[in-house]
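In what follows, a single structure is set out as structure tokens and then discussed.
Protein chains get the first letters and strands the later ones, always in sequence-line order, with residue 1 at the start of each.
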Number of protein chains: 2
Amino acid sequence: MNKSEVKVIGALKREGKFSSAQSLYQLLRKNGESTGLATVYRTLQKAAAENIVDVLRKDDGEALYRLCDTGHHHHLVCTNCGKTVEVEASAVEKWASTVAKNNGFKKVTHVVELFGLCQKC
Amino acid sequence: MNKSEVKVIGALKREGKFSSAQSLYQLLRKNGESTGLATVYRTLQKAAAENIVDVLRKDDGEALYRLCDTGHHHHLVCTNCGKTVEVEASAVEKWASTVAKNNGFKKVTHVVELFGLCQKC
DNA sequence: AACATAAATGAGAATGATTATCAATATCAC
DNA sequence: GTGATATTGATAATCATTCTCATTTATGTT
Ligand SMILES: [Mn+2]
Ligand SMILES: [Mn+2]
Ligand SMILES: [Zn+2]
Ligand SMILES: [Zn+2]
């Protein structure tokens with residue numbers, strides 16, 4: 001882990017929720033940590049490629065990142081406060097592979113996310 | 001259906017696969033149909049709000065639209081040729097509502113898409 | 001038809017996230 | 001240390017999407 005990775009991934013850890021590159025950049029700057037926007041993007045992309053962070057997209061297309069280094073899973077996200085729960089989804093995994101087989105598709109991946117309002121919101 | 005809707009939704013129907021606003025605009029222009037980009041976006045957004053088209057996002061964040069006026073369903077998309085199959089997903093619907101209940105979330109929606117390579121590709 | 005009024009259209013500008021450049025700086029090998 | 005190499009960050013460029021607004025087109029009334 002180089003310097004930038006410590007900074008950016010650290011900020012992501014502190015946030016705990018899905019955050020945008022832009023907001024992480026602002027956050028780091030506010031805390032005095034000098035950083036460039038390009039570095040934030042570079043670090044997040046690398047972390048995504050290494051499956052250290054998960055990525056999803058807001059309705060407007062902006063990418064959101066979250067520290068998720070605990071293997072493949074899916075999320076239930078509160079659209080109001082950002083609270084995020086990691087959920088197991090073996091039923092979905094099974095369904096996906098069946099559908100893939102039935103239609104003769106190979107190398108099938110899936111995008112599965114749940115959005116709603118948490119108890120507090 | 002006004003003039004623009006006929007043009008844009010018609011182009012979408014001819015395409016049959018998920019297409020971007022930009023590519024639909026180019027397509028209409030190539031076929032001599034005069035159209036503005038703003039109108040294409042407006043028409044697609046309205047159609048999405050009316051559940052006449054489904055929307056998903058490429059990895060780079062660009063929105064893709066597909067004529068899908070047959071009620072709620074999910075897709076299996078070939079990432080190479082764009083071939084798209086509509087798949088039933090009652091197992092996923094059930095799973096989603098169970099997960100929502102277990103975590104005390106309300107008004108939960110889901111994003112579920114499958115991507116892979118079709119038989120031909 | 002002629003007219004008033006409202007809706008639709010499209011060219012072009014503005015926005016904003018993401019990506020590309022590239023010179024400055026830090027890190028490493030010897 | 002010296003030179004090679006990787007990292008950094010300010011800035012510019014890209015590009016999908018949204019906004020503006022003058023012009024055109026549809027709609028309704030007399
Ligand atoms: Mn899964
Ligand atoms: Mn569903
Ligand atoms: Zn909440
Ligand atoms: Zn294919």
Expressed as a whole number of angstroms, how long is the span from [X]:[atom1] to [N]:[atom2]?
{"X": "R42(B)", "N": "dT18(D)", "atom1": "CZ", "atom2": "P", "answer": "12 Å"}
{"X": "L37(A)", "N": "dA17(C)", "atom1": "CG", "atom2": "P", "answer": "9 Å"}
{"X": "D60(B)", "N": "dA20(C)", "atom1": "CG", "atom2": "P", "answer": "12 Å"}
{"X": "M1(B)", "N": "dT9(C)", "atom1": "CE", "atom2": "C1'", "answer": "17 Å"}
{"X": "Y25(B)", "N": "dA11(C)", "atom1": "OH", "atom2": "C1'", "answer": "8 Å"}
{"X": "E5(B)", "N": "dA8(C)", "atom1": "CD", "atom2": "C1'", "answer": "10 Å"}
{"X": "L56(A)", "N": "dA17(C)", "atom1": "CG", "atom2": "C1'", "answer": "16 Å"}
{"X": "E62(A)", "N": "dT19(C)", "atom1": "CD", "atom2": "C1'", "answer": "15 Å"}

Under-4.0 Å side-chain N/O to phosphate OP1/OP2 contact, [X] with [N]:
{"X": "Y41(A)", "N": "dT19(C)", "value": "no"}
{"X": "K3(A)", "N": "dT7(D)", "value": "no"}
{"X": "T39(B)", "N": "dT9(C)", "value": "no"}
{"X": "S34(A)", "N": "dG9(D)", "value": "yes"}
{"X": "N2(A)", "N": "dT27(C)", "value": "no"}
{"X": "S4(B)", "N": "dA8(C)", "value": "no"}

Once you apply a heavy-atom cut-off of 4.0 Å, does T35(A) come out as touching a base, just sugar-phosphate, or nothing?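 Sugar-phosphate, backbone atoms only, no base.
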Touch class at under 4.0 angstrom, heavy-atom based, for Q45(A) against every strand present =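 Since only primed, P, OP1 and OP2 atoms lie under 4.0 Å of Q45(A), the category is sugar-phosphate.
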Would you say that L44(B) contacts L24(B) through its side chain, given a criterion of any heavy-atom pair below 4.5 Å between the two side chains?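 A side-chain contact exists here, since the closest heavy-atom pair is under 4.5 Å.
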Is there a side-chain contact between R66(A) and L12(A) in this structure, where contact means two heavy atoms from C-beta onward sitting under 4.5 Å apart?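 R66(A) does not reach L12(A) side chain to side chain.
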From C-beta outward on R29(B), which listed nucleotide comes closest to its side chain: dA11(C), dG10(C), dA20(C)?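 Selected nucleotide (nearest to the side chain): dA11(C).
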**Message:** What's the closest nucleotide to the side chain of A63(B) if the choices are dA20(C), dC19(D), dT17(D)?
**Reply:**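 Nearest nucleotide to the side chain: dT17(D).
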Q. With no hydrogens and no angle check, is any side-chain donor or acceptor of K7(A) less than 3.5 Å from a backbone partner on S34(A)?
A.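 Flag set: sc K7(A) to bb S34(A) pair under 3.5 Å.
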Nearest 0.5 angstrom please: L76(B) CG to H110(A) NE2, how far?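 The CG atom of L76(B) sits 13.0 Å away from the NE2 atom of H110(A).
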